[in-house]
Novice: 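A single structure is presented below for examination.
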Amino acid sequence: MLAALMLGGCASFFPHDVKQQVSEEGTAMVSGWSWAGMSYLVSAQYIPGDLTPLTGMRQKAGCMNDRYQVEVRWRDPSVRAPAAGSLCEQILAGVTYISNFSERQGAHRIIVDTVAPDTRWDWRWRSFSPPGGLTVRLAVRWLDDEEHRAAEAVRLFAHEVAHLDAFFSAPESAVDTEPLAYLAGACAQWHVLGTLATRDLQAGEMNVRDAVFQRSGDAARVVWARLHPFVEHGPLRRDAALAPALTAHCSAWLRAGF
């Protein structure tokens, strides 16, 4: 979700009615703008839960290419470094895939905080840099199901990076980038993991007053209608008859969107 505005100093950016209705996966937003030759970004995120984030020694795993630097961080001793490294590479592959379609890259560094399931996360992160060098920081749930964990993470970062790239490529554009971002998340997941299922398509009804969140929900339902025919009979994998069609559609949609 993108909001081209500066976030205020309140304890949580997300309205109460939004918090009450989000799925267990939570919600996130990036806010970007440019001024005096510099780029600015706020990442905000809310994940519902009853637990508080773990404290203690933080560990990290990193990966990079010529476009992005990704760092996965964790405090949970049950998280193993090879698994964190694998997630790092998957997120890196997802955002790199999206950058193949965009005209201008908004961020260079990505920080991934991992949280245990049912952990409450209400977080904001600020970044400023010369154009193209921003840092996006968001959390992902460290689910026991490795495929589900990777799918959430790849979708999340591809979605938000698509917003940033679209905004910084055409900052004066009035085009709503929310449908593009939902497509980017699903298509990046398909490209990296070779799987897409109904659970990966967000289309829940939200009765909220905030127009930004309402518009995001509307866009999610539009993208759900576009992608659901590929997965309505079960999860789609690379060896499925419809796999080449989804790959081609993703490329065409993303080229047109950017």
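Treat the numbers as computed from the prediction; the structure is a model and nothing was measured. Basis for what follows: all heavy atoms, side chains included, without hydrogens, waters or symmetry-related copies.
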Novice: Under a 3.5 Å distance rule, please check whether Ser31 uses its side chain to pair with a backbone N or O of Leu41 as donor and acceptor.
Specialist: no

Novice: Under a 4.0 Å N-O cut-off, is there an ion pair linking Arg141 with Glu152?
Specialist: yes

Novice: Report the residues that fulfil side chain to side chain contact (heavy atoms under 4.5 Å, CB included) with Asp50, sequence neighbours left out, ordered by chain and then residue number.
Specialist: Asp118

Novice: Keeping the roles fixed (side chain from Ser86, backbone from Ala83), state whether a donor-acceptor pair exists under 3.5 Å.
Specialist: no

Novice: Would Leu242 and Leu196 show up in the same hydrophobic cluster when neighbours are defined by side-chain heavy atoms closer than 4.5 Å?
Specialist: yes

Novice: Taking all heavy atoms of Gly106 and all of Asp165, pick out the closest pair and write down the distance.
Specialist: N-OD1, 2.9 Å

Novice: Using salt bridge (charged side-chain N to carboxylate O under 4.0 Å, His left out) as the criterion, point out the one residue from Arg75, Lys60, Arg137, Arg58 that pairs with Asp113.
Specialist: Arg137

Novice: May I ask you to say whether Asp218 pairs ionically with Arg221, meaning some side-chain N is under 4.0 Å from a carboxylate O?
Specialist: yes

Novice: Identify, with sequence neighbours excluded, every residue that meets ring pair (Phe, Tyr, Trp, His ring centres under 6.0 Å) alongside Phe128.
Specialist: none

Novice: In terms of hydrophobic clustering (I, L, V, M, F, W, Y; side-chain heavy atoms under 4.5 Å; direct or indirect links), are Leu193 and Leu246 co-clustered?
Specialist: no

Novice: His249: which residues meet the ring pair (Phe, Tyr, Trp, His ring centres under 6.0 Å) condition with it, sequence neighbours left out?
Specialist: Phe230, Trp253

Novice: Would the distance check show the side chain of Arg109 and the main-chain N or O of Thr135 forming a donor-acceptor pair, the cut-off being under 3.5 Å?
Specialist: no

Novice: Among residues at least two apart in sequence or on other chains, which ones pass ring pair (Phe, Tyr, Trp, His ring centres under 6.0 Å) with Tyr97?
Specialist: Phe101, His191

Novice: With sequence neighbours excluded, tell me which residues meet ring pair (Phe, Tyr, Trp, His ring centres under 6.0 Å) with His228.
Specialist: Trp224

Novice: Suppose we screen for side-chain hydrogen bond (donor to acceptor under 3.5 Å, both in side chains). Which residues come up paired with Asn100, at least two apart in sequence or across chains?
Specialist: Arg67

Novice: For atom CG of Asp145, decide whether the heavy atoms of other residues, nucleotides or ligands shown that lie under 6.0 angstrom number more than 12.
Specialist: yes

Novice: Is it the case that one hydrophobic cluster holds both Val136 and Ile47, taking links as side-chain heavy atoms less than 4.5 Å apart, direct or via other members?
Specialist: no

Novice: Got more than 12 heavy atoms from elsewhere within 6.0 Å of CD, Glu232?
Specialist: yes

Novice: With no hydrogens and no angle check, is any side-chain donor or acceptor of Ser169 less than 3.5 Å from a backbone partner on Arg104?
Specialist: yes

Novice: Donor-acceptor pair, distance only, cut-off 3.5 Å: does the side chain of Asp122 make one with the backbone of Tyr46?
Specialist: no

